[in-house]
Amino acid sequence: MLSVSLSNISFTFPNGFKLFKNISVSFGPGISGLIGVNGCGKSTLSKIAAGILQPSTGSVTGTRNIKYLPQISMSPGDKTIADLLDIGEKFRAFKRITAGTGIETDFSILEDDWLIEEKTVKALAEMGLFGFDPGSSVKYLSGGEIVRVTLSSLFLKNYEFVILDEPTNHLDKLGRELVRETIKNISSSAGVLIVSHDRQLLRCVDRIFELSNLGIKLFGGNYDFYRAIRKIENEAAQMDIENSQKELKKQIRGAKLIVGDYIKRSKAASKTKRDSGIPTIMLDKLKDTADKSLKRTIETHQKLIEESEEKLSIAKKRVLIGNKVKFDFKQGDSRSSTLFACSDINIAPGGTPLWKSPLTFFISKNERVRVVGLNGSGKSSLCRVINGELPVVAGVVSHLPRGVIYFDQTLSFLDAGKTILENAMEKGNSTVPETEVRIRLGRLGFYGDDCKKQVASLSGGELIRAAVGVLVSLPEPPSLLILDEPTNNLDLAGIEMLSTSLKDFKSALIVITHDDDFAQEIGITSEVTLS
């Protein structure tokens, strides 16, 4: 059975926060993609499907022969290859037994799995890892080899269903290609569910499930199909918003006119009745009747207004959140047309020159440069050279840019112990009034007291917006902006928001990214390739 079905699933945290409720979905054969904004519960839902977490309510049926693979870590520490394959204890027990030093508990740990070494070597070979000892340390493996080892675990057993959580995050181009190829091979004999924001990977799926605060929705195609349908639905939802707003204004305007006219006629009638000599007791009775009639009229129109407000609220929920956030970039001041220039440079982080071929290139004013290379090729180090932080051991740097902002992968540019507003005010040297800074942060979605959130508490998408909020609050924009893997922690809406906004950035831009779609969207003009 190559499927997993979830029925009326709800999940509530111990503090009472309800992540989602009444989710019913079936993940079947083939390759399925699970997407949604950060924090909506994708990883939690996938762990419930895998049996790792128990739902607060609801049930899970289908195969229990499931392999769940969390995000691949590029810093495995002192683990062995067997540890990465999640068989470390069993493999070490096997080795002790076969070496004649085993004890009684080793036999219990092994569980009669006497073919474990043979199966492990075969699984590694499936990923092109020949001659690797499962008991050896992974300390000296390359990033690509770590990926291959981790994915080899999928071949240790004939799983009926495989769930992969962000399998390409932090991977280089070759690593991503390897993941896509492996998933394709596995899907011929097992159902596959992928939690991902990698658009190239999502183009390989048969269907996409979108998890949101409205529930879960199926799109019967890959990412390009999803985008096309989403665009149509967003346009329709936007039209519903406009129509609902018009209807609401019409109801409010109609209510004011009718009530105002009713009061005017009531006053005129009261004056006429008083002048007619009708007894006071009768006039009071007539007034009470008129007041009740007015109250019913007001209640009727209030109900119509509330119905229009509800329609407007529903229409707004259907629009994909995040697309309307804008970054107000200005032109950076650079007196020279050449920002950076170098000739035959090299660096030696480990004492040995890193690049086989020394680098010679220059970056012009307003140019958009992509730095490409495999994991470990020195992309971030090159950015530190351009930023003036890291010296070269060979060659000459003849131009260094002034006014550089460097957004590294941890966004250390921000002070995590302070609020968004405090960061923006301090980085801007308080030359921009707080009122103006708050207005600029509001354009980025940090309305009111949202700008007083502490940076340490922000999600990946909020961190990017906060960093750019600080950037647009500077009295003088940078002549060069360096972005190191800016899309790694962003959801699809955040990636689209960032790429749309960077199109309006008017200074020079250097980007390290393995996301080809993102590079194309922001208009890269040249590349620096590291070997």
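Of the inter-residue distances, the one linking Leu6 atom CG with Ser24 atom OG reads 8.0 Å to the nearest 0.5 angstrom. Going from atom CG of Asn375 over to atom CG of Asp172 covers 4.0 Å, rounded to the nearest 0.5 Å. Residue Leu174 holds its CG atom at 10.0 Å from NE2 of His514, rounded to the nearest 0.5 Å. Atom CZ in Phe505 sits 4.5 Å away from atom CG in Leu481 (nearest 0.5 Å). Here the straight-line distance linking atom CG of Leu193 with atom OG of Ser32 works out to 6.0 Å at 0.5 Å rounding. Of the inter-residue distances, the one linking Ile347 atom CD1 with Trp355 atom CH2 reads 4.0 Å to the nearest 0.5 angstrom.
Counting heavy atoms from C-beta outward, Met127 and Val149 have side chains that stay 4.5 Å or more apart. Annotation: side chain of Ile510 is in contact with side chain of Cys383 (closest heavy-atom distance under 4.5 Å). Residues Val369 and Phe361 fail the side-chain proximity criterion, which asks for heavy atoms closer than 4.5 Å. In this structure, the side chains of Asp78 and Lys139 come closer than 4.5 Å at one or more pairs of heavy atoms. Proximity of Thr120 to Leu156: side-chain heavy atoms (C-beta onward) are separated by under 4.5 Å at one or more points. Between Leu45 and Ile216 the shortest side-chain heavy-atom distance falls below 4.5 Å. For the pair Phe225/Ile208, no side-chain contact is recorded, criterion being any heavy-atom separation below 4.5 Å from C-beta on. Contact annotation: the side chain of Pro349 approaches that of Leu354 to within less than 4.5 Å [non-hydrogen atoms, C-beta and beyond].
Within a 6.0 Å sphere centred on CG of Asp133, heavy atoms belonging to other residues, nucleotides or ligands number more than 12. Counting heavy atoms of neighbouring residues, nucleotides and ligands inside a 6.0 Å radius, atom NZ of Lys173 does not exceed 12 of them.
Within the structure, every pair that satisfies the salt bridge (Lys or Arg N to Asp or Glu O under 4.0 Å) test and touches residues 174-188, not counting sequence neighbours, is listed here: Arg176-Asp198. For the side-chain hydrogen bond (donor to acceptor under 3.5 Å, both in side chains) condition, the pairs that include at least one residue of residues 33-45, sequence neighbours left out, are Ser43-Asp165.
Between Phe27 and Phe209, the ring planes lie perpendicular to each other; the angle is over 60°, past the 30° to 60° tilted range. Between Phe413 and Phe407, the ring planes lie tilted relative to each other; the angle falls in the 30° to 60° range.
Here the closest non-hydrogen pair linking Ile163 and Ser46 is CD1-O, 3.6 Å. In this structure, Val455 and Leu463 approach most closely via the heavy-atom pair CG1-CD2, 3.7 Å. Contact record, Leu85 with Ser153: CD2-N, 3.5 Å, taken as the closest heavy-atom pair. When all heavy atoms are compared, the tightest approach of Pro486 to Phe518 is CG-CE2, 3.9 Å. Here the closest non-hydrogen pair linking Gly221 and Val205 is O-CG2, 4.3 Å. Across Gly36 and Asp491, no two heavy atoms sit closer than the pair O-CB, 3.8 Å.
No donor-acceptor pair under 3.5 Å is formed between the side chain of Glu118 and the backbone N or O of Leu115. In terms of modelled atom types and a separation under 3.5 Å, the side chain of Gln454 and the main chain of Gly417 share a donor-acceptor contact. Side-chain atoms of Asp344 do not come within 3.5 Å of backbone N or O of Pro358 as any donor-acceptor pair. At distances below 3.5 Å, at least one donor-acceptor pair connects side-chain atoms of Lys379 with backbone N or O atoms of Gly373. For the pair Thr168 (side chain) and Leu171 (backbone), a donor-acceptor distance under 3.5 Å is absent. For the pair Asn387 (side chain) and Arg384 (backbone), a donor-acceptor distance under 3.5 Å is absent. When atom types are taken as modelled, the side chain of Arg368 and the backbone of Ile522 share a donor-acceptor pair closer than 3.5 angstrom.
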Pair up each side-chain donor or acceptor in residues 48-59 with any protein partner under 3.5 Å, not counting sequence neighbours, and list the distances.
residue : atom : partner : partner atom : Å
Ser56   : OG   : Thr12   : N            : 2.8
Thr57   : OG1  : Ser10   : OG           : 3.0

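Within the cation-pi definition used here (under 6.0 Å to the ring centroid, within 45° of the axis), Arg465 qualifies as a partner of Phe446.
Considering only residues two or more places apart in sequence or on other chains, Lys90 meets the salt bridge (Lys or Arg N to Asp or Glu O under 4.0 Å) condition with Glu111, Asp113. Under the rule for a salt bridge (Lys or Arg N to Asp or Glu O under 4.0 Å), the partners of Glu527 that lie at least two apart in sequence or sit in another chain are Arg370. Every residue two or more places apart in sequence or in another chain was checked for a ring pair (Phe, Tyr, Trp, His ring centres under 6.0 Å) with Phe91, and none qualifies.
Here the rule is side chain to side chain contact (heavy atoms under 4.5 Å, CB included) with Asn488, and of Ile495, Asp515, Asn169 only Asn169 fits it. For the pairing with Asp517, the side chain to side chain donor-acceptor pair (under 3.5 Å) check across Arg199, Arg203, Gln200 returns one residue only, Arg203. Only one option out of Arg227, Lys217, Arg230 pairs with Glu210 in a salt bridge (charged side-chain N to carboxylate O under 4.0 Å, His left out); it is Arg230.
Asn185 and Thr182 form no side-chain donor-acceptor contact under 3.5 Å, judged by distance and modelled atom types alone. Neither side chain, Arg96 nor Thr101, offers a donor N or O lying under 3.5 Å from an acceptor on the other.
Checked for salt-bridge contact, Arg92 and Glu89 meet the test: a charged N lies under 4.0 Å from a carboxylate O.
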